[in-house]
Protein chains: 2
Amino acid sequence: MKYDLGKKPTKGAQRTLNAFSETMLKLISQKRLEDISVSEICEVSTFPRATFYNYFDDKYDLLNYCWHIIAEEIQINEETKITSHGILKVYFDRIYDIFMENKSLLDKVLVNNNSSSAMINSFINYFKEIIHHVLYNSMDQFETTLPLELLADHIVATLLLILEWIFLEQHDTTKQQAHQYIDVLLGSDLPKFKARS
Amino acid sequence: MKYDLGKKPTKGAQRTLNAFSETMLKLISQKRLEDISVSEICEVSTFPRATFYNYFDDKYDLLNYCWHIIAEEIQINEETKITSHGILKVYFDRIYDIFMENKSLLDKVLVNNNSSSAMINSFINYFKEIIHHVLYNSMDQFETTLPLELLADHIVATLLLILEWIFLEQHDTTKQQAHQYIDVLLGSDLPKFKARS
DNA sequence: TTTATATTTAGACACTTGTCTAATACTCTT
DNA sequence: AAGAGTATTAGACAAGTGTCTAAATATAAA
């Protein structure tokens with residue numbers, strides 16, 4: 001990303017960011033990511049290519065920014081301190097809700113991109129990263145003989161696998177049913193969690 | 001892949017396939033995948049670009065063929081019929097051995113591509129696919145309330161996660177230690193397996 | 001309102017991509 | 001050794017990529 005999201009953007013910058021991300025979401029609802037060029041994104045957004053490259057490295061970078069926009073609602077942050085092993089389901093539920101809110105968009109995108117590994121990887125990896133980040137900072141809660149990083153990776157991968165199963169492979173599943181999947185795949189007795197002190 | 005790997009290749013075709021795959025492995029040991037162009041691959045191989053496109057769709061397709069070459073030694077096939085739940089470790093060990101045999105190559109590749117998600121995804125996804133394929137055909141061995149596809153995905157993802165931890169994130173780990181990781185992450189009592197009939 | 005700063009823009013640059021053609025050369029069988 | 005079937009090749013094509021300039025605009029803060 002060329003543009004610094006740290007500072008709060010000016011009016012014009014925000015307009016430009018919005019235009020490009022909305023165009024991208026529109027285009028991936030209509031055709032395969034591979035068939036979308038930066039030139040086309042710019043034509044649809046009625047911005048010149050030079051402006052695109054002021055903000056993004058390439059179309060994948062813009063795509064990542066789109067996930068960022070969608071995920072902004074998550075509000076998982078360091079303050080969400082862990083009070084019980086139910087925390088995993090709290091994380092899971094937040095992402096589940098976001099995906100559910102954006103289900104019609106996701107479904108449209110999948111019609112054209114269900115076999116595009118670049119698209120799927122981009123999407124899954126984005127959410128893996130943000131969950132991994134918050135989860136790893138709570139890992140002192142866990143009692144395990146495993147390397148903490150490895151355990152965190154495994155938990156995150158498992159949560160995302162279930163979300164992928166539900167939303168990308170489109171197996172309608174209630175939150176309750178999904179919680180059962182978590183219990184089975186991560187151990188129904190959750191032996192890896194410390195007793196509360 | 002433009003070329004049909006089903007039929008056995010002629011002498012010339014084999015020579016060409018070898019030249020391109022050897023060049024690719026050489027180049028990814030030297031620089032980032034993103035910085036390698038089809039033109040460069042062709043210059044190093046002293047083949048014209050037209051020949052490249054006779055065989056491959058693009059550089060990612062060639063990369064996939066490279067993993068195919070490396071994985072050919074695996075010899076996991078349908079005949080390897082499952083006799084006990086130890087089968088998971090059999091699969092794991094085969095890939096572990098292949099990665100170990102190619103460790104010096106992997107290490108060189110990672111120097112330049114440790115942050116290239118295209119490279120890592122290509123590598124991991126290739127091996128996920130081949131393990132998934134053989135594993136899914138043995139899933140009647142498992143006793144579970146989960147959808148079989150989901151359980152298979154989870155097992156494969158977990159095995160690959162451990163291999164990624166060892167070989168890509170380069171935490172030296174013995175096969176025995178890795179087996180312990182499998183036991184813990186997939187359930188030390190392996191409750192998901194049917195009793196033998 | 002002015003000014004410093006940030007953003008947008010047109011156009012040019014060298015380079016890469018994937019496809020196509022038609023001529024040439026190889027190599028496998030018989 | 002001849003012919004059928006494969007494989008290689010040069011070069012051209014339209015399109016896309018990412019970078020760079022320098023001028024023109026827009027914006028935020030004093």
Side-chain angles (χ1 to χ4, degrees), chain A residues 1-24 27-28 30-65 112-113 115-119 122, chain B residues 1-24 27-28 30-65 112-113 115-119 122:
Chain A
M1 188 109 183
K2 301 244 180 70
Y3 190 80
D4 176 14
L5 288 178
K7 68 182 178 189
K8 85 152 177 278
T10 62
K11 203 192 289 181
Q14 191 58 64
R15 213 185 306 143
T16 312
L17 286 167
N18 289 345
F20 281 131
S21 57
E22 275 163 29
T23 298
M24 181 53 123
L27 287 177
I28 57 175
Q30 294 172 353
K31 47 157 73 177
R32 302 187 320 145
L33 179 62
E34 287 78 5
D35 296 337
I36 299 169
S37 67
V38 172
S39 306
E40 183 176 8
I41 294 166
C42 292
E43 277 162 34
V44 175
S45 310
T46 58
F47 277 99
R49 254 158 37 82
T51 304
F52 179 92
Y53 287 109
N54 285 344
Y55 288 85
F56 306 104
D57 299 314
D58 49 40
K59 65 180 175 183
Y60 303 101
D61 193 28
L62 167 57
L63 191 59
N64 212 51
Y65 175 72
N112 307 293
N113 292 280
S115 63
S116 161
S117 63
M119 165 69 88
S122 162
Chain B
M1 188 108 185
K2 301 242 180 72
Y3 190 80
D4 176 15
L5 288 178
K7 67 182 179 190
K8 85 151 176 277
T10 62
K11 204 191 289 181
Q14 191 59 63
R15 212 184 307 142
T16 312
L17 286 166
N18 289 346
F20 281 130
S21 57
E22 275 163 29
T23 297
M24 181 53 121
L27 287 176
I28 59 175
Q30 294 172 353
K31 47 156 76 177
R32 302 186 320 144
L33 179 61
E34 288 76 6
D35 297 337
I36 300 169
S37 67
V38 172
S39 306
E40 183 177 8
I41 294 167
C42 292
E43 275 162 33
V44 175
S45 311
T46 57
F47 277 99
R49 254 158 38 81
T51 303
F52 179 92
Y53 286 108
N54 286 343
Y55 287 85
F56 305 104
D57 298 315
D58 49 40
K59 67 180 173 183
Y60 304 101
D61 193 28
L62 166 56
L63 191 60
N64 213 51
Y65 175 72
N112 306 294
N113 292 279
S115 63
S116 161
S117 63
M119 165 69 88
S122 162

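In what follows, every chain begins at residue 1, and chains take the letters A, B, ... in the order their sequences are listed. Predicted, not measured: the structure shown is a model, and the values here were computed from it.
Atom CG in B:D57 sits about 17 Å away from atom C1' in C:dT16, given to the nearest Å. Atom CD1 of B:I36 and atom P of C:dC15 are 18 Å apart (whole Å). Atom CZ in B:F47 sits roughly 18 Å away from atom P in D:dG11 (whole-Å rounding). Straight-line distance from the CZ atom of A:R32 to the C1' atom of C:dG18: 13 Å, rounded to whole Å. Across the protein-nucleic acid pair, B:N54 atom CG and C:dC26 atom P stand 16 Å apart, rounded to whole Å. Following rounding to the nearest Å, B:D4 (CG) and D:dA7 (C1') show an atom-to-atom distance of 15 Å. Remark: P of C:dT16 and CG of A:D58 are 17 Å apart, rounded to the nearest angstrom. Look at OH on A:Y53: it is 17 Å from C1' on D:dT21, rounded to the nearest Å.
Interatomic distance, A:Y65 OH to A:Y3 OH, rounded to the nearest 0.5 Å: 9.0 Å. Summarising the geometry, atom NZ belonging to B:K31 is positioned 10.0 Å from atom CG belonging to B:N112; distances are rounded to the nearest 0.5 Å. Taking CG of A:D58 as the start and CD of B:E34 as the end, the distance is 9.5 Å to the nearest 0.5 Å.
In this model, the phosphate group of D:dG16 is approached by a side-chain N or O of A:S37 to a distance below 4.0 Å at OP1 or OP2. Regarding contacts with the backbone of D:dT8, a side-chain N or O of B:T16 is found under 4.0 angstrom from either OP1 or OP2. Residue A:Y3 has no polar side-chain atom (N or O) positioned under 4.0 Å from OP1 or OP2 of C:dA6. A close approach under 4.0 Å does not occur between any side-chain nitrogen or oxygen of B:R49 and OP1 or OP2 of C:dC20. At the phosphate of D:dT17, OP1 or OP2 sits under 4.0 Å from a side-chain N or O atom of A:S39. Put simply, A:T51 has a side-chain N or O that comes within less than 4.0 Å of OP1 or OP2 on C:dT9.
Within 4.0 Å of B:F52, counting heavy atoms only, lies no atom of the nucleic acid at all.
Of all heavy-atom pairs between A:K2 and A:D61, the closest is N-OD2, 4.2 Å.
Side-chain proximity of B:K7 to C:dT16, D:dA7, C:dG18: nearest is D:dA7. For A:R15, whose side chain is taken as the heavy atoms from C-beta onward, the closest listed nucleotide among C:dT7, D:dT27, C:dC20 is D:dT27. Side-chain atoms of A:K2 lie closest to D:dT19 of the nucleotides D:dT9, D:dT19, C:dG11.
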| request: Determine, step by step, whether B:M24 and B:I28 satisfy the side-chain contact (heavy atoms from CB on, under 4.5 Å) criterion, reporting the C-alpha distance in whole Å, the side-chain angles of both residues, the deciding distance to 0.1 Å, and the verdict. | output: CA-CA 6 Å; B:M24 181 53 121; B:I28 59 175; 3.9 Å; yes
Using a 3.5 Å cut-off and no angle test, enumerate the donor-acceptor pairs between side-chain atoms of residues 41-49 of chain B and protein atoms at least two apart in sequence or in another chain.
from	atom 1	to	atom 2	distance (Å)
B:S45	OG	B:T23	OG1	2.8
B:S45	OG	B:I41	O	2.7

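Among A:Y60, A:Y53, A:F52, the single residue meeting the ring pair (Phe, Tyr, Trp, His ring centres under 6.0 Å) criterion with A:F56 is A:F52.
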Under 3.5 Å, which N/O atoms of the protein pair with N/O atoms of nucleotides 28-30 of chain D?
from	atom 1	to	atom 2	distance (Å)
D:dA28	OP1	A:K11	N	3.4

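The backbone N or O of B:R32 sits nowhere less than 3.5 Å from a side-chain atom of B:N113 that would complete a donor-acceptor pair.
Nearest-nucleotide mapping onto DNA chain D: of A:E43 and A:A50, the residue sitting toward the 5' end is A:E43.
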